[in-house]
Amino acid sequence: MKIAVATIDGGAGKTAISFALAKELDYYLISNDDSVIELVYPSMAKITKDLKIIDETVYDFGGFVDAGVTDIIKHCDIVIVPCINDLNSKMKAIKTITELSKFNERFLVIATRLESEQDFNEVKASIQAKFPQIEVLPLRKTKMLKNALEFGESPLELVAQSKKIAHDGRNFIPEYKAILKYVLNNDETYEDLLKEKSAIEEK
Ligand SMILES: Nc1ncnc2c1ncn2[C@@H]1O[C@H](COP(=O)(O)OP(=O)(O)OP(=O)(O)O)[C@@H](O)[C@H]1O
Ligand SMILES: [Mg+2]
């Protein structure tokens with residue numbers, strides 16, 4: 001499958017989420033925007049303006065939407081829009097969806113860097129006031145995404161490595177898994193992924 005992560009809001013978490021998903025799924029990672037991905041994900045990540053449609057790829061799209069981007073968006077299975085609970089980020093998320101919904105119909109908004117239940121409710125309300133059919137999933141404020149990028153490991157890989165990391169991430173991981181499940185849109189693929197990452201819950 002192909003996954004796009006996009007919002008015209010800078011710093012909302014596109015690169016952090018894109019890397020986490022790409023590394024988790026063992027997908028390529030392609031971005032039109034400068035970042036550290038080529039350093040931390042060698043041979044799998046590429047920064048380029050010459051965007052091509054490639055299967056098993058996460059696209060991290062920064063900046064404004066141009067023809068090269070919309071061409072890719074058309075072929076993606078899902079477009080993920082990260083959004084923080086501030087007015088600017090929500091406005092830009094809505095603008096991004098309005099623009100990209102000409103090219104794709106399956107969106108997921110990740111309400112990210114949440115510090116409270118209220119943060120989540122506010123992001124969800126803003127998005128669904130305009131797009132009632134779009135799923136909004138929560139992702140709390142966490143160090144896990146920053147650590148993932150810095151260590152070049154996915155969140156599930158990190159928690160499998162150490163009990164301490166697993167403990168620190170115990171609230172983040174269920175939210176993150178719900179996102180993976182929604183994105184993959186196939187229970188079997190999702191269960192296989194958890195098995196592969198030794199991330200099955202202990203009963
Ligand atoms: N859920 C989260 N909790 C805490 N910090 C986060 C979260 N998501 C992202 N961050 C942090 O926010 C910062 C900005 O994230 P990131 O660089 O991924 O945004 P971006 O949308 O790619 O920005 P740009 O538009 O500049 O490319 C990073 O330091 C990242 O680690
Ligand atoms: Mg970025």
Side-chain angles (χ1 to χ4, degrees), residues 3-24 27-41 44-49 51 57-66 68-69 72-73 76 78-97 99-100 107-124 127 136-159 165 168-180 182-183:
I3 300 166
V5 180
T7 173
I8 53 173
D9 185 25
K14 292 180 294 288
T15 301
I17 290 169
S18 300
F19 170 74
L21 293 178
K23 183 72 173 71
E24 205 69 82
Y27 277 18
Y28 298 109
L29 175 55
I30 296 178
S31 182
N32 61 353
D33 198 19
D34 240 357
S35 71
V36 297
I37 55 170
E38 288 178 333
L39 287 177
V40 300
Y41 199 28
M44 293 296 279
K46 182 125 194 87
I47 296 170
T48 176
K49 300 281 176 198
L51 299 165
T57 297
V58 179
Y59 293 91
D60 168 11
F61 287 142
F64 73 102
V65 174
D66 63 25
V69 170
I72 303 284
I73 294 284
C76 284
I78 187 164
V79 182
I80 298 174
V81 179
C83 180
I84 298 167
N85 187 25
D86 75 37
L87 198 53
N88 188 54
S89 190
K90 290 184 282 192
M91 224 186 70
K92 287 182 168 176
I94 288 168
K95 203 171 163 199
T96 302
I97 298 167
E99 190 57 34
L100 297 184
F107 286 85
L108 167 66
V109 171
I110 299 182
T112 187
R113 236 188 288 160
L114 303 173
E115 297 190 65
S116 64
E117 183 75 25
Q118 190 184 342
D119 273 344
F120 175 58
N121 292 335
E122 288 178 10
V123 173
K124 189 170 168 164
I127 300 297
V136 180
L137 291 175
L139 197 64
R140 67 190 54 223
K141 187 172 178 193
T142 176
K143 289 208 179 89
M144 201 69 86
L145 293 175
K146 177 175 180 274
N147 287 341
L149 197 61
E150 285 180 8
F151 291 106
E153 304 274 6
S154 75
L156 294 183
E157 289 163 359
L158 282 179
V159 300
I165 301 175
D168 292 347
R170 68 194 177 284
N171 296 318
F172 160 80
I173 289 295
E175 295 174 344
Y176 174 69
K177 281 185 180 171
I179 290 168
L180 283 172
Y182 188 86
V183 169

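None of these values were measured; they are calculated from a predicted model. Both ligands and their constituent atoms are indexed starting at 1 by order of listing.
Counting only distance, with no hydrogens or angles, the side chain of E99 and the backbone of V65 share no donor-acceptor pair below 3.5 Å. A side-chain donor-acceptor contact under 3.5 Å links T96 to the backbone of I8. No donor-acceptor pair closer than 3.5 Å links the side chain of K23 to the backbone N or O of E153. Formation of a donor-acceptor pair under 3.5 Å by the Y41 side chain with backbone atoms of A22 is found in this model. Under the 3.5 Å distance criterion, the side-chain polar atoms of N85 are left unmatched by any main-chain donor or acceptor of A111. The closest donor-acceptor contact from the side chain of K92 to the backbone of T7 lies at 3.5 Å or more, if one exists at all. E157 places no side-chain N or O within donor-acceptor distance of the main-chain N or O of E24, the cut-off being under 3.5 Å. Judged purely by atom type and a 3.5 angstrom limit, E175 uses its side chain to pair as donor or acceptor with the backbone of R140.
Listed by chain and number, T15 OG1 are the protein N/O/S atoms closer than 2.8 Å to the Mg ion (ligand 2), with waters left out.
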Report the C-alpha distance between K146 and E150 in whole Å, list the side-chain angles of each, state the deciding distance to 0.1 Å, and finish with yes or no for salt bridge (Lys or Arg N to Asp or Glu O under 4.0 Å).
CA-CA 6 Å; K146 177 175 180 274; E150 285 180 8; 3.6 Å; yes
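Protein residues with a heavy atom under 4.0 Å from ligand 1 are G10, G11, A12, G13, K14, T15, A16, D33, T112, R113, R140, K141, T142, L145, K146.
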